[in-house]
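Report on the structure given below.
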Amino acid sequence: MGTQICFPVEYLPLEEAWSLFKKTAGDSVEENLELRPIAIQVVKECEGLPIAIVTIAKALKDETVAVWKNALEQLRSCAPTNIRAVGKKVYSCLEWSYTHLKGDDVKSLFLLCGMLGYGDISLDLVLQYGMGLDLFDRIDSLEQVRNRLLALVENLEASGLLLDSHEDTHKFDEEIALSSLFVDADNKFVRMHGVVREVARAIASKDPHPFVVREDVGLEEWSETDESKSCTFISLNCKVVRELPRGLVCPDLQSFLLHSNNPSVNIPNTFFEGMKKLKVLDLSDMHFTTLPSSLDSLANLQTLRLAGCELGDIALIGKLTKLEVLSLMGSTIQKLPKEMMQLTNLRLLDLDDCEELKVIPRNILSSLSRLECLSMISSFTKWEVEGESNACLSELNHLSYLTNLSIEIPDAKLLPRDFLFENLTRYGIFIGSWRGLRTKRALKLGKVNRSLHLGDEMSKLLERSEELEFEELSGTKYVLHPSDRESFLELKHLLVGNSPEIQYIIDSKNQQFLQHGAFPLLESLILRTLENLEEVWHGPIPMESFGNLKTLNVDSCPKLKFLLLLSTARGLSQLEEMTIEDCDAMQQIIAYEKESEIKEDGHVGTNLQLFPKLRSLKLIYLPQLINFSSELQTTSSPSLSTNARSEDSFFSHKVSFPKLEDLTLRHLPKLKDIWHHQLPFESFSNLQILRVYGCPCLLNLVPAPLIHSFQNLKEIDVQYCELLEHVIVLQEIDENVEILPKLETLKMEFLPRLRWIKDGNDSMKYFSSLLAVMNIQNLQQFRIRYCSMEDLRKM
C-alpha cells in the first residue's frame with residue numbers, strides 16, 4: 001500500500017540522534033553501563049529519523065535491560081516494507097512501539113486515528129467514531145467516554161505515536177472547536193506524523209480483518225476480492241466516478257467513510273445491502289434529496305454522520321433504532337422528521353450550524369429518552385410555548401440523562417418557570433444570540449429582567465457557571481449579589497454590557513463576601529457601555545478576592561470616577577492586561593482614602609507595586625484623568641466617588657510596573673508629565689512599546705533621569721501632542737552611554753512644537769544629532785511627519 005502524500009524526512013547524524021534519544025529516554029541510558037551499548041544499537045536501528053527515535057525512546061523509558069534486548073532483537077529482524085518513503089527499520093521501530101502499547105483500546109484508537117485522513121482531527125469526530133465502534137464499551141456516561149478518550153490520547157502522545165497538540169490549542173479553538181465536550185481540554189484534536197500514519201495504515205491492512213483506504217477507481221472489481229469480504233473498515237476517496245456501484249459485499253464491514261470531491265456522487269439505493277454489520281457510516285458533505293433506501297437494512301448502525309450535507313427527506317433514519325450518535329452539523333436540514341421519535345437509544349445529537357432548521361415537531365426531543373448531549377449552536381431558535389406545534393423548552397425536562405446542553409433561546413420569556421437544569425454538567429445557554437464558548441459551563445443572557453426571568457433553576461446555573469455574560473440586563477442595580485445562594489466560586493469570565501440600570505457590578509457589603517472572599521477563579525472582567533455604573537463593587541472586598549484576575553477591560557462607563565480602591569488593587573497579583581477606555585468622569589485608576597494606607601502592614605517605602613505581572617496598560621479617551629493613583633479628596637458626601645488629589649506626574653514615585661511591556665496613553669487632555677523623576681527600582685524596566693497620542697498638554701516624553709530605565713524599548717510612537725517639545729531630554733547624560741539600544745521603531749507625527757533633542761547646554765540640535773547619540777543599529781523604521789522644521793533651518 002503506497003502513500004498518497006510525500007513527507008519531507010530529515011535524518012540526524014548518529015551523534016545528534018544519540019543526544020535526542022538520551023533526552024527522551026532519560027539519563028539512565030548513559031549511566032547504566034549494561035544498558036548503554038544496547039541503547040546505542042537501538043538508536044542505530046532508528047536510522048536517524050527523529051520520529052522513530054522519539055517513539056522508541058518513549059516506549060523503552062524506565063524498562064528493564066531484558067525488555068531493551070528484546071526490542072533490539074525485534075528491530076533487527078524486521079521484514080521489508082513496500083511503503084514508499086518509510087524504510088524497513090523505521091517501520092519496524094514504529095510497529096514495535098504499537099505492539100507494546102498496553103491495552104486493546106489504545107491500539108484500536110491508534111489504528112482509527114491512522115485511518116482518518118491527514119491534518120488535525122477533532123476529538124469530537126474521534127469520539128463519535130469510537131462510540132459507534134464500541135471502543136468505549138462498558139463505559140456508562142458520555143462524560144466518562146470523553147475522559148477515557150483523553151486518557152488514551154495522552155497515552156499515545158506519551159508513546160510518541162501521536163504528536164503533542166497542546167501548543168496549537170488556541171488556534172484550534174478559533175477555527176474548529178465548537179463542542180462543549182472538549183472546550184476545556186488541553187487537547188482538542190489529534191495530530192499524527194505522516195510517516196506514523198502510513199505505518200498505522202500498513203499495520204491495519206495486515207490484520208485478518210483489515211482496515212482499507214482506497215480510491216474509487218476499480219472499486220467494483222475490488223468488491224469481488226477476498227480483501228473486500230474480510231475488511232472491517234473502509235475509507236473511500238471518490239475523485240473520478242459519478243456513481244458508486246450497486247453495492248459492496250462486505251459482510252464484516254463495521255465502518256464506512258465516504259470522501260468525495262463531487263458532493264453529487266450518486267449512491268444507488270441498493271448500495272448498503274451487503275453491509276449488515278455496519279456500525280459507523282459517514283456520508284458528510286454529500287447531496288441527498290432522499291437517503292438511499294438500503295439504509296434501513298443497517299440495523300446495527302450506531303453512528304451516522306451527515307455533517308455538511310444538503311438534505312431533503314431523511315425520514316428513513318427513524319428505522320435506525322440502535323443509533324447512538326447522529327450528526328447533522330452544518331447541513332441544510334429544514335425540518336426534523338417525526339420518525340426521529342423512534343431513536344430512543346440516541347445519546348448524542350449534533351445540530352450545530354443547521355441555520356435553515358426551522359421546524360422540530362412537538363415531542364421529538366422529549367422522545368429521545370437516552371439523550372445525554374444536545375448541541376444546537378447557530379441552529380434552531382423557533383422555540384414555542386406549551387400547546388403549539390413546534391418544540392418547546394419544557395420538553396427537555398423529560399430527558400433525565402441529559403448532561404450536556406448547548407442551545408440558543410431568542411427571548412427569555414420562552415423559559416418555563418420549571419425548567420430543570422440540575423443534571424447539567426456542561427452547558428452553553430444563550431438567551432439572545434450565540435456569542436462563542438470558552439468554558440464548559442457558559443450562560444450568556446441578553447435582554448433579561450433579573451427579577452422576572454431568572455427563576456430558582458436559572459439561579460442555580462448562575463452559581464455554577466464558569467462564564468457569564470449579561471447584555472441589556474434590567475430589574476436590578478447590581479449584576480451579582482450572593483444574597484440568595486450564588487457565591488460564584490467557579491466563575492472564570494464575566495462580561496456586562498449595555499445595561500443602563502446597573503450601578504454596581506457586585507454588592508460586596510454582603511457578609512458572605514466578607515467571610516469567604518469573592519471570585520477566586522475569575523480570569524477576565526469586561527465592562528462596557530454601563531451609563532450609570534458608579535463603582536465596580538459596592539462595599540469592601542476581602543484581600544483574597546480576584547486573586548486570579550488576568551484581564552480587566554472597562555469601556556464607556558461615563559459615571560465611573562475611579563476604577564479600584566487600593567485595598568482591592570493589592571489583591572490583583574495575576575493581572576496581565578488592563579484597558580480603560582472612554583470613561584468621561586474617570587479621574588484616577590487607583591484610589592486610596594489616606595496617605596497612611598500606602599504604608600500599611602509594616603511595609604517600608606513604596607507599597608504600590610500593585611500588579612507585578614501586568615504586561616499591557618492602555619488608557620484611552622479619559623478626559624478627566626489626572627493620574628494613575630492618588631489620595632481621594634473626601635467631601636461631606638460619604639461616597640468615595642470624589643475628586644482626586646492632583647499630583648505633579650501621572651505615574652508617581654509610589655507606583656511600580658516591573659513587567660509592563662506595552663503602554664498606550666491616548667487622548668488624555670490633562671496629562672502633563674508621564675513619569676516621576678524618581679521611579680522605583682526596575683519600574684518600567686521591561687517596557688518595549690510606548691504609544692502616546694492626543695495628549696495636548698504633554699511637554700516631554702522621556703526625561704533625562706529616566707533614560708536608563710527604558711533600555712528595552714523597541715517602539716516609540718508619539719502623535720498629536722501640540723505642546724510636546726522633547727521626545728528625549730539628555731541633560732546630564734554620559735555621552736559614552738548607549739541610549740535606547742534596542743529601539744526598532746521611532747514615529748513622530750503632528751508635533752508642531754517638537755524641539756527634537758535637548759542637550760546639557762540647552763542648545764538645539766537638529767535631526768542628525770538625535771541619531772548620533774543613539775545606537776541605531778536596530779532601528780528599522782523611522783517616520784517624522786508634520787513636525788516643526790525650525791531646528792533644521794538653523795543649521
Side-chain angles (χ1 to χ4, degrees), residues 524-530 533 535-536 549-566 568-569 572 575-592 608-611 613-630 632 641 643-676 679 683-684 686-702 706 710 713 715-724:
S524 69
L525 175 61
I526 299 174
L527 310 175
R528 62 191 184 200
T529 319
L530 302 176
L533 183 69
E535 293 177 22
V536 177
L549 192 68
K550 295 179 174 64
T551 300
L552 177 58
N553 292 344
V554 180
D555 185 1
S556 302
C557 299
K559 290 190 176 182
L560 200 59
K561 290 189 176 183
F562 67 93
L563 183 63
L564 303 168
L565 286 175
L566 176 58
T568 302
L572 306 186
L575 193 66
E576 298 177 2
E577 299 178 17
M578 180 191 293
T579 300
I580 315 299
E581 183 172 359
D582 202 15
C583 296
D584 295 344
M586 183 79 69
Q587 297 178 4
Q588 74 245 73
I589 308 302
I590 308 298
Y592 47 92
L608 283 183
Q609 297 185 17
L610 299 173
F611 310 119
K613 295 186 178 180
L614 190 69
R615 295 184 295 102
S616 173
L617 175 61
K618 298 180 181 180
L619 305 174
I620 303 169
Y621 287 102
L622 305 172
Q624 300 300 320
L625 190 65
I626 299 172
N627 44 41
F628 188 81
S629 63
S630 65
L632 288 168
S641 301
N643 293 329
R645 195 185 292 273
S646 179
E647 299 280 354
D648 292 336
S649 57
F650 186 78
F651 293 113
S652 76
H653 66 285
K654 304 183 184 76
V655 175
S656 174
F657 298 111
K659 299 295 184 181
L660 192 67
E661 299 175 3
D662 186 346
L663 174 61
T664 297
L665 305 173
R666 177 179 293 184
H667 296 286
L668 308 180
K670 294 195 175 185
L671 179 66
K672 296 180 181 179
D673 191 5
I674 299 176
W675 328 95
H676 191 276
L679 290 177
S683 185
F684 301 100
N686 202 43
L687 191 65
Q688 299 177 31
I689 299 172
L690 175 60
R691 298 188 177 108
V692 181
Y693 309 145
C695 298
C697 295
L698 184 65
L699 298 177
N700 299 311
L701 191 67
V702 182
L706 303 181
F710 302 102
L713 260 180
E715 176 183 336
I716 295 177
D717 186 356
V718 54
Q719 304 179 28
Y720 295 100
C721 297
E722 287 87 342
L723 297 183
L724 185 75

Over all heavy atoms of both residues, which pair between [X] and [Y] is shortest? Give the atoms and the distance, please.
X: Leu660; Y: Ser616; answer: CD1-N, 3.8 Å
X: Ile689; Y: Leu687; answer: O-CD1, 3.7 Å
X: Leu617; Y: Leu614; answer: CB-CD2, 4.2 Å
X: Phe657; Y: Ser683; answer: N-OG, 3.3 Å
X: Ser652; Y: Ser629; answer: OG-OG, 4.2 Å
X: Leu724; Y: Leu701; answer: CD1-N, 3.8 Å

Report the residue from His676, Gln588, Lys670 that forms a side chain to side chain contact (heavy atoms under 4.5 Å, CB included) with Asn627.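 Testing Asn627 for a side chain to side chain contact (heavy atoms under 4.5 Å, CB included) against His676, Gln588, Lys670 leaves exactly one candidate, Gln588.
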Testing Leu665, Val692, Leu671 for side chain to side chain contact (heavy atoms under 4.5 Å, CB included) with Cys721, which one passes?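 So the option named by the test is Val692.
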May I ask you to test the Lys618-Asp662 pair for a side-chain heavy-atom distance under 4.5 Å?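 Side chain of Lys618 against side chain of Asp662, heavy atoms only: contact under 4.5 Å found.
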Does NZ in Lys550 sit with more than 12 non-hydrogen atoms of other residues, nucleotides or ligands closer than 6.0 Å?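 Yes, the 6.0 Å shell around NZ holds more than 12 heavy atoms from other groups.
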Within a reach of under 6.0 Å around OH of Tyr693, are more than 12 heavy atoms found that belong to other residues, nucleotides or ligands?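 Yes, OH of Tyr693 has more than 12 neighbouring heavy atoms, counting only those of other groups under 6.0 Å.
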Distance, nearest 0.5 Å, that separates [atom1] of [X] from [atom2] of [Y]:
X: Phe611; Y: Lys613; atom1: CZ; atom2: NZ; value: 14.0 Å
X: Leu663; Y: Gln688; atom1: CG; atom2: CD; value: 12.5 Å
X: Asp673; Y: Leu699; atom1: CG; atom2: CG; value: 7.5 Å
X: Leu560; Y: Cys583; atom1: CG; atom2: SG; value: 6.0 Å
X: Asn700; Y: Ile674; atom1: CG; atom2: CD1; value: 9.5 Å
X: Ile589; Y: Leu619; atom1: CD1; atom2: CG; value: 5.0 Å

Residue list, salt bridge (charged side-chain N to carboxylate O under 4.0 Å, His left out) with [X], at least two apart or on another chain:
X: Arg615; result: Glu576, Glu577
X: Glu715; result: Arg691
X: Glu581; result: none

CA sep, side-chain torsions, deciding dist, call: Val536, Leu563, side-chain contact (heavy atoms from CB on, under 4.5 Å): CA-CA 7 Å; Val536 177; Leu563 183 63; 4.1 Å; yes
Worked check of side-chain contact (heavy atoms from CB on, under 4.5 Å) between Leu564 and Leu610: CA-CA 11 Å; Leu564 303 168; Leu610 299 173; over 6 Å; no
